[in-house]
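Computed from a predicted model, the values in this text were never measured in an experiment. Position 1 is the first residue of the sequence; numbering continues from there. Atoms within a ligand are numbered from 1 in the order they appear, just like the ligands themselves.
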Amino acid sequence: MRIELVNLEHGKRDFAHVYQPAEVGSLDERVSVVQPVSVTGNVRIAGAEVFVNGHIETRAQVECDRCLQQVETPVKADFELQYIGGNEYASSEAAELTEDDMSVSVFDGKAIDVDEIVKEQILLAVPTRMLCRPDCKGLCPDCGVDKNTTRCACGADEVDPRWAALKNLSSGK
Ligand SMILES: [Zn+2]
Ligand SMILES: [Zn+2]
């Protein structure tokens, strides 16, 4: 969904949309959405700037950092974005205006791309560290099995935890 700024009445417009998971798809190699994504918000033009406020809700699937299993997590986030057209940004007055506010994005001055905002906001809302459970044992570094479900015969498994600390020291990690 793109919101064309020329169509805005009185420089304002509310928007609401529900994206099916397939429309959003995989956001990157780590994150994908598994439920419809609802977005509500409003666009407001103020002089050379455009403000976009809103809220997103969905559920995402994120890879466990240790065992790579998919973990579901709720996503709920509010956003407040500020845009400035490329031309205005180039003029010195606007550059001064935005100097102390690094959250301003430059756009083409014609339309706000809500699809892009939604994808970006989901990625920002997902935890950067994700574990399927606090004590996830992860994958065996030697044979690659999931150590939560499978025991392997690799040496690492047999090492006494008291010696493991020493082993890590000597390997320089
Ligand atoms: Zn895990
Ligand atoms: Zn192994």
Between C154 atom SG and C152 atom SG, the angle centred on the Zn ion (ligand 2) rounds (to 10°) to 110°
- Message: We want to know whether Q69 and E63 form a side-chain donor-acceptor pair, criterion being a heavy-atom distance below 3.5 angstrom.
- Response: no
Electrostatic pair R30-D28, nearest N-O below 4.0 angstrom
no
For the Zn ion (ligand 2), angle spanned by C143 SG and C140 SG (nearest 10°) is 110°
- Apply side chain to side chain contact (heavy atoms under 4.5 Å, CB included) to the pair M1 and D115, showing each step before the final yes or no. CA-CA 6 Å; M1 178 170 57; D115 302 358; 3.8 Å; yes
Rounded to 10°, the SG/C67 to the Zn ion (ligand 1) to SG/C132 angle comes out at 110°
Self-check item: Note: D135-R66 ion pair, threshold 4.0 Å (strictly below)
Solution: no
